[in-house]
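When a residue number appears, it is its place in the shown sequence, counting from 1.
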Amino acid sequence: MVAMVGSHNNHSIAGGFVTSQRACFSSDGKWLLLCNGSRVQTFSASSGVPHITLSAHTLPVTCVLNHPKSSRQVYTSSLDATLRLWDLRDGSLVRTLQAPAPVDSFVILPGGGGIHAVLCCHHENRSARLYVYNLASGRLVGKLGKLSSTSRLAMSKDGGYVAAFDRQSLFVWQTSNLFNKGGSSSSGALRDAEPLRLYHTKPFTCVALDPKENKVAAGDATGRILIWHDLKSAFKTQMEESKDEKTSSDVVMSEANTKSGKDGKPQKVDCTTVQWHANAVSDLGFTDDGTFLLSGGAEAVLVLWKLDDGTRQYLPRLGAPFKSISLCPSDSSVIGVALSNNVVHVINTASMTIRASVHGLQPARLCDAIGGLKSVDQKNDPSEKVQVLQPENVLEIHPETGHAVVAVSGAALQFYDVLHDKHVMELQVSARNFVSVGHGTQRVAECSVVAAAFSSNGDALATLDARPIQFGLANSRSTSEYCLKFWDESTQRAEGGATAGTSGGQVDGSGMAPYEANTTVDAPHKGEVTALAYHPTRHAVVTTSSDGEFKIWARKAPKPGARPQWRCASVGFYQAQSLTAAAFAPDGSLLAIGSRSAVTLWDPQGNAHLATLVLPKPQGEAAAPADDQAAEQEAATAGDSGDVAWLGFVPD
């Protein structure tokens, strides 16, 4: 996910995860700020175009918040135990504050000029501490409590309430009760504030507070959303009951010590439970007027709950499970949605459309359970293992633009400009929708791009996608279903801004057109497809397979007025051995095919066998003499099982 570009002494970093933390809109709504490792990158909220980068932290940035009194400044927190104030006009660092410990999240209390903040900091044994911190003096005011693990803090719009969760417990503080008289000033002392404690039978996963400061909503690990009402009355009742009770200044937030009220029972608050999500709720957010509640989870669907009647609206097929939801302070209809595929969408909830998107360097797949095994047993011989192509290993360089091309989740190829650290295009190789499953349900096998190769000038592309066979076919010699596709550069050139081609690929301002499908070959081989290579001087492609065959595919000369189509031009094999690798010579005059015991050289034009390079035995036995001429031209690397895992010709 991270690429290093340049020399050892002068390099830049590209890629990284832009969705690891919650996104933040600038106060005026023009910019979207995303945490990316130890950096904060800013993008246009209307177009997704990169702007400036905030770089000074030495460890990952965990949170970005707007300065409550200055629209041009933002605060950031980091695991390097610092808080930093930045000027968004030029990205300059204004001030650095030392936190008591690595900060996981924080909120700024707008009362008193935004002087105070509540920090959730890492502590020993993976536990967490909640502190009240004075941003003006850079000093710790006091300890608010402790949790068994870090929690993403939530605050109401006007700062009247702050909430955190710990396992099955939810805690809400009324900020007006945090300080003694005069506490709004820089010298204010922290009061022994008792939070409102709310409980559930399942672990909480997220929390949000109503902007009208009368509701709190929390999602749990099973997909339920709990909404507690009338917080003001609940706090009033709690204060009356606790007048004569002595409270501790170190409130321990654990289930064994979360009793409130005179009778030692939890505070009773009216609660409503709703459910649509089949999996854990990833994040929640109230709209600015408190009319709607936004939720997202593993289903890749944005859900808008109308709170007065319980009706729902949906924005489906967003591509990947949710990670967080961010609200725009200047426009209540605009939100930011961060997804697990390293994409952030800016969404207009009034029209339920995506206004802009920011793409990071995307992962090859969303989880380890998706895709085939790295080494599988052949059906006909369990003792014989075959190396299977993996989407993580797909990395090509576009011949003309120099863009990195990688396989990403969703059976797609991403074109990424590493030098400028920006997404260029995404080509949808196999049409699909993200499918989520509920608890205890078998995961659906996802199709992945496992190989890709360009023509010498980039005007054509060959791809191979695979979908694991979950229910094995009796006569199948492969663990996956393969599809070989040939693509031509689209005749529709991108002009001015983002456009979409017939293939589903998108271009954002780079001028490079997407590709459109020319020919599709289902099941190109009977066994596992192990290699794909494009001829350097003409439109021909070779594929190899564990079934012992290699095939050369050529583009047939078109008839007048027709498009050229691809066909299988020839088939070859060597002693019925499983074939594992393939490569063309730089001038295209030779084709090298790797197998278990040898590398064979072929004439790709006539498919004639020219020479054999015998490999040493894996057990260390002496190998037969090798062809000297072939040894000079050929470089081979053997895998752990003795197979030729990669082939490449040494240039003259």
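Donor-acceptor pairing under 3.5 Å is lacking for the side chains of Ser156 and Asp158.
Formation of a donor-acceptor pair under 3.5 Å by the Gln428 side chain with backbone atoms of Gly410 is found in this model. The backbone N or O of Phe165 lies less than 3.5 Å from a partner atom in the side chain of Ser151, making a donor-acceptor pair. For Asp166 (side chain) and Ser148 (main-chain N/O), a donor-acceptor pair under 3.5 Å exists by modelled atom type. A donor-acceptor contact shorter than 3.5 Å links the side chain of Asn342 to the backbone of Val18. Gln414 places a side-chain N or O within 3.5 Å of a backbone atom of Gly360 that can act as its donor or acceptor partner. Not a single donor-acceptor pair under 3.5 Å links the side chain of Ser38 to the backbone N or O of Pro60. The backbone N or O of Ala338 sits nowhere less than 3.5 Å from a side-chain atom of Thr19 that would complete a donor-acceptor pair. Distance alone, capped at 3.5 Å, is enough to place a donor-acceptor pair between the Thr205 side chain and the Gly219 backbone. Listed for the Gln73 side chain is no donor-acceptor partner under 3.5 Å among the backbone atoms of His67. Using modelled atom types, one side-chain atom of Tyr133 and one backbone atom of Gly138 make a donor-acceptor pair closer than 3.5 Å.
Side-chain contact between Val344 and Phe43 is absent, with no heavy-atom pair separated by less than 4.5 Å. Contact of the Leu209 side chain with the Leu231 side chain is registered, since non-hydrogen atoms from C-beta on lie closer than 4.5 Å. A heavy-atom distance below 4.5 Å is found between the side chains of Cys121 and Val103.
Phe106 pairs in a side-chain contact (heavy atoms from CB on, under 4.5 Å) with only one of the listed residues (Leu119, Leu130, Thr76), which is Leu119.
Taking CZ of Arg167 as the start and CG of Leu147 as the end, the distance is 10.0 Å to the nearest 0.5 Å. The CG atom of Leu135 lies 9.0 Å from the CG atom of Leu85; values are rounded to the nearest 0.5 Å.
For Asp283, the salt bridge (Lys or Arg N to Asp or Glu O under 4.0 Å) criterion is met by Arg22, Arg152, not counting sequence neighbours. In this structure, the side-chain hydrogen bond (donor to acceptor under 3.5 Å, both in side chains) partners of Thr353, at least two apart in sequence or on a different chain, are Ser351. Thr272 is linked by a side-chain hydrogen bond (donor to acceptor under 3.5 Å, both in side chains) to His229, counting only residues two or more places apart in sequence or in another chain. For Asp220, the side-chain hydrogen bond (donor to acceptor under 3.5 Å, both in side chains) criterion is met by His200, Thr222, Arg224, not counting sequence neighbours. Here Ser127 pairs with His123, Arg129 under the side chain to side chain contact (heavy atoms under 4.5 Å, CB included) rule; sequence neighbours left out. Residues meeting the side chain to side chain contact (heavy atoms under 4.5 Å, CB included) test with Pro102, sequence neighbours left out: Leu79, Ala81, His122. The side-chain hydrogen bond (donor to acceptor under 3.5 Å, both in side chains) test applied to Arg312 returns Tyr314, not counting sequence neighbours. Every residue two or more places apart in sequence or in another chain that forms a side chain to side chain contact (heavy atoms under 4.5 Å, CB included) with Asp80 is listed here: His57, Thr58, Leu59, Ser78, Thr82, Arg84. Listed by chain and residue number, nothing satisfies the ring-ring contact (aromatic ring centres under 6.0 Å, His included) test with Phe25 (two or more places apart in sequence, or in another chain). Legend: residues meeting side chain to side chain contact (heavy atoms under 4.5 Å, CB included) with Leu327, ordered by chain and number and at least two apart, are Leu294, Ile335.
Contacts classified as salt bridge (Lys or Arg N to Asp or Glu O under 4.0 Å) and involving residues 346-358 (residues at least two apart or in different chains) are not found. Evaluation of the side-chain hydrogen bond (donor to acceptor under 3.5 Å, both in side chains) test over residues 287-306, restricted to residues two or more places apart or in two chains, returns Lys157-Asp288, His277-Ser295, His277-Glu299, Thr287-Asp289, Asp289-Thr291, Ser295-Trp305.
Closest approach of Ser20 and Cys35 over heavy atoms only: OG-O, 3.9 Å.
For Tyr161 and Phe235, the distance between ring centers is under 6.0 angstrom.
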Exercise for review: Show your reasoning for whether side-chain contact (heavy atoms from CB on, under 4.5 Å) applies to Leu318 and Ile347.
Suggested key: CA-CA 11 Å; Leu318 291 178; Ile347 296 174; 4.2 Å; yes
